[in-house]
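All chains are named by letter (A, B, ...) in the order of the sequence lines, taking the proteins before the strands, and each is independently numbered beginning at 1.
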Amino acid sequence: MQKQDREPIRTRFAPSPTGRLHLGNARTALFNALLARHAGGEFLLRIEDTDRERSRREYVAALLEDLRWLGLAWDHGPSGAEPDPDWFQSRREAHYAPLYARLLATGAAYWCFCTEARLARLRQRQRAAGRPPRYDGACARLDAADAERRRAAGEPAVLRFRVPAGRRVRFEDLVRGPQEVDTDTLGDFVVRRADGTPAFLFANAVDDALMGITHVLRGEDHLSNTPRQLLLLAAVGLEAPRYGHLPLLVDAAGRPLSKRLGSLSLDALRARGYLPAALCNHLARLGHAYAEDPGPADLEALARGFDPARIGRAPARHDPARLDAWQKAVLERLDPGAVRAWLAGHPEGRRAVERVPRARWPDFVAAVRGNLRFPEDAVRWAENLFAEAIAYDAYALDALRAAGCDFLDAAAEALSALPPGAGFRDWTGRVAERTGRRGRWLFQPLRAALTGIQVSGASPGYWRQGPELGRLWSLWERGELDRRLEAARAACRHLDAMRERT
RNA sequence: GCUCCCUUCGUCUAGUGGCCUAGGACACCGGCCUCUCACGCCGGCGACAGGGGUUCGAGUCCCCUAGGGAGCGCCA
């Protein structure tokens with residue numbers, strides 16, 4: 001009994017707060033959000049904190065923060081890290097209790113008094129004998145009244161689901177198509193732990209049904225859970241969502257993403273300076289292909305073309321170069337204000353924001369944005385273009401020496417002879433005329449004179465890369481151009497003097 | 001061990017029996033754009049894991065092999 005089409009779509013993301021979000025989780029969240037948005041439906045957030053040992057309040061807060069940062073707003077869900085009875089499974093006992101009772105009453109589940117030690121031994125034996133490690137059903141035939149008495153006497157017990165024998169469970173996977181599983185390959189599984197908390201299989205499936213979830217996109221590792229959850233939901237008389245299983249996401253080396261491997265955690269990527277839109281664009285194409293690729297797009301456009309049927313079945317590898325390409329593409333389309341906000345959010349980038357005069361900001365962004373990838377890239381140009389002290393680095397001095405002081409004199413003269421309103425080309429045209437230099441012999445020394453300035457954190461010669469000289473030129477006032485040329489001439493004369501002395 | 005899943009250029013992928021001498025994007029290499037880097041444009045390199053079938057015809061269907069993965073928990 002699975003949900004059918006033609007009703008409003010409702011998806012969810014249901015993380016357990018036992019670690020930070022990484023690329024893999026984030027993709028799952030994104031896909032569910034895109035699916036909901038695509039259909040004009042709703043996207044919910046639920047916290048699966050039934051593991052008392054490992055769930056941590058601060059992870060909830062971090063989770064919410066990461067999702068908000070990514071731009072994945074949820075239509076319904078927790079508003080903060082404080083557990084509430086609606087969205088935190090640890091507080092939803094009241095919803096579960098009647099279902100346990102029903103399971104017990106119909107015989108669909110039974111009390112199991114097996115100790116963990118016995119189960120461990122059992123699994124070990126089964127494995128050694130080359131058999132699948134499954135519960136052997138020791139408590140399945142216990143007399144119900146006896147079991148209740150032992151329970152009442154305080155003997156610890158789990159509630160175990162009785163998987164019907166010799167049946168086939170069929171379902172249609174949203175991404176993998178028709179699936180069929182023999183119930184004889186399934187062992188009786190735990191529904192409620194001895195400490196009274198619900199087991200994942202139970203709480204997860206039940207909450208999806210109770211919350212009216214219609215579609216669930218989740219990791220492939222849940223594929224074999226699906227028949228169990230279907231059986232369970234049928235036994236409590238709830239309607240199951242449709243499930244779709246996403247291929248695993250692996251790192252650049254082809255290894256599964258791990259919570260311990262921190263470099264692909266969302267907060268690490270954010271600290272590095274990646275934009276949420278870059279991440280979303282990257283993720284939206286890992287294991288999913290657009291029929292018509294929208295290019296660097298916002299969530300709305302990403303959602304428009306999103307289609308679960310176009311999700312792949314093979315593991316997808318995260319290629320950092322691809323992510324960087326999205327970062328560049330997204331950055332390229334950001335307006336100056338957004339670039340400013342991005343930079344202001346990072347310690348490094350803030351230095352750039354502070355250095356560049358507000359009025360010059362749009363021009364600065366226009367000139368430099370093609371050369372940005374991370375916040376620190378902006379700092380060097382901000383410090384170079386709006387430098388107070390002017391000192392040339394070794395490569396610049398080489399270029400000045402090679403060009404000769406006469407050349408610089410000519411450049412300065414051409415500049416002072418320039419009528420107001422004349423542009424970069426007028427200037428370089430005149431310099432070319434006076435000195436007979438063209439191409440790199442003309443531009444290289446001019447670039448050295450105007451931008452070959454030492455900047456903290458930049459490697460020597462950094463200025464030789466970067467935006468077109470002409471764009472930078474228009475960023476400077478005439479006085480600043482004079483100042484730079486004058487400094488270059490002084491440096492050149494100093495070099496000459498040094499040479500004469502030796 | 002058992003059950004299930006997966007396998008197209010370096011990477012993400014298109015491809016649902018003829019439109020495929022396998023297309024695109026990113027990466028890489030080369031060229032152009034009056035200096036460099038980037039952008040843009042043009043071009044290049046580059047793949048159907050292997051073997052058997054089925055078919056007039058297979059990347060597409062079936063089987064086997066190899067390789068990878070998941071599940072089999074009082075973890076989610």
Side-chain angles (χ1 to χ4, degrees), chain A residues 14-19 48-51 53-55 112 114-116 119-120 123 126-135 156-160 173 176 179-182 184-187 189-201 203-204 218-228 245 247-248 250 252 254 256 282 285-291 293 295 310 312-326 328-329 332 368-373 399 425 428-429 432 438-448 451 461-470:
Chain A
S16 66
T18 55
E48 306 215 326
D49 56 346
T50 57
D51 184 341
E53 306 286 295
R54 298 195 301 143
S55 294
C112 170
C114 294
T115 62
E116 294 197 53
L119 294 173
R123 279 193 289 272
Q126 289 169 323
R127 243 179 244 279
R131 308 214 343 252
R134 277 203 284 270
Y135 184 62
V158 301
L159 191 60
R160 213 176 260 283
D173 189 281
R176 278 152 202 273
Q179 308 283 316
E180 187 178 308
V181 179
D182 187 339
D184 289 340
T185 66
L186 271 25
F189 57 90
V190 174
V191 156
R192 178 185 182 272
R193 303 188 187 108
D195 67 1
T197 59
F200 163 79
L201 245 23
N204 178 266
R218 45 165 28 170
E220 179 193 80
D221 45 335
H222 292 292
L223 186 57
S224 46
N225 288 330
T226 307
R228 284 181 256 268
H245 291 91
L248 252 45
V250 296
H282 180 55
R285 290 154 176 100
L286 279 180
H288 173 259
Y290 284 94
D293 197 293
R310 298 186 66 85
R313 284 144 287 268
R317 186 181 300 227
H318 157 69
D319 179 4
R322 195 51 176 291
L323 174 57
D324 285 1
W326 286 117
K328 287 221 69 158
E332 198 70 49
V368 161
R369 88 151 96 227
N371 293 79
L372 300 186
R373 204 197 305 274
R425 297 230 171 180
T428 55
R438 291 184 325 207
R440 54 185 300 206
W441 305 108
L442 171 67
F443 289 99
Q444 193 68 19
L446 290 179
R447 193 173 178 88
T451 68
Y462 178 79
W463 54 273
R464 289 189 299 184
Q465 303 181 358
E468 286 172 40
L469 230 205

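Comparing B:rU3, B:rA76, B:rC74 by their closest approach to the side chain of A:T185 singles out B:rU3. With distances taken from any side-chain atom of A:P132 to the nucleotides B:rU13, B:rC39, B:rC72, the minimum falls on B:rC72. Listed candidates were B:rC75, B:rC35, B:rC6. Nearest to the side chain of A:R193 is B:rC75. For A:A289, the side-chain atoms get nearest to B:rU13 when compared with the rest of B:rU13, B:rG1, B:rA76. The side chain of A:L248 approaches B:rA70 more closely than any other nucleotide in the set B:rC35, B:rC37, B:rA70. Taking every side-chain heavy atom of A:R440 into account, B:rC35 is the closest of B:rC75, B:rC35, B:rU34.
With the nearest nucleotide of RNA chain B identified for both A:H318 and A:E116, A:H318 has the one nearer the 5' end. In this structure, A:D49 and A:R123 both approach RNA chain B, and ranking their closest nucleotides by distance from the 5' end singles out A:R123.
As the counterpart of B:rG57, no nucleotide is assigned, since no Watson-Crick or G-U wobble pattern has both distances under 3.5 Å. For B:rU36, there is no paired nucleotide, since no Watson-Crick or G-U wobble pair has both relevant distances below 3.5 Å. Pair check for B:rA14 finds none; no Watson-Crick or G-U wobble contact set falls under 3.5 Å. Across all strands shown, nothing is found opposite B:rC74 as a Watson-Crick or G-U wobble partner with both distances under 3.5 Å. In this structure B:rC19 sits in no base pair that meets the Watson-Crick or G-U test at under 3.5 Å. Pairing of B:rC4, defined by two Watson-Crick or G-U wobble distances under 3.5 Å, is identified with B:rG69. With a cut-off of 3.5 Å on both Watson-Crick or G-U wobble distances, the partner of B:rA47 is given as none.
When side chains are defined from C-beta on, A:R464 counts as touching A:Q444, because their heavy atoms get closer than 4.5 Å.
The same atom, P, is picked in B:rA49 and in B:rU11; the two are 13 Å apart, to the nearest Å. Atom P of B:rC42 sits at a distance of 12 Å from the matching atom of B:rG24, rounded to the whole Å. Using P as the reference atom, B:rG53 and B:rG59 are 15 Å apart when rounded to the nearest Å. For the P atom pair drawn from B:rU21 and B:rU16, the interatomic distance equals 14 Å after rounding to whole Å.
As a whole-Å value, the separation of A:F443 CZ from B:rC33 P is 13 Å. The interatomic distance linking A:K328 (NZ) with B:rA25 (C1') rounds to 17 Å, in whole Å.
Using modelled atom types, one finds a donor on one side chain and an acceptor on the other under 3.5 Å when comparing A:E48 with A:N204.
A donor-acceptor pair under 3.5 Å is absent between the side-chain atoms of A:R192 and the main chain of A:V158, judged by distance alone. Distance alone, capped at 3.5 Å, places no donor-acceptor pair between the A:R322 side chain and the A:H282 backbone.
A close approach under 4.0 Å does not occur between any side-chain nitrogen or oxygen of A:S16 and OP1 or OP2 of B:rC75.
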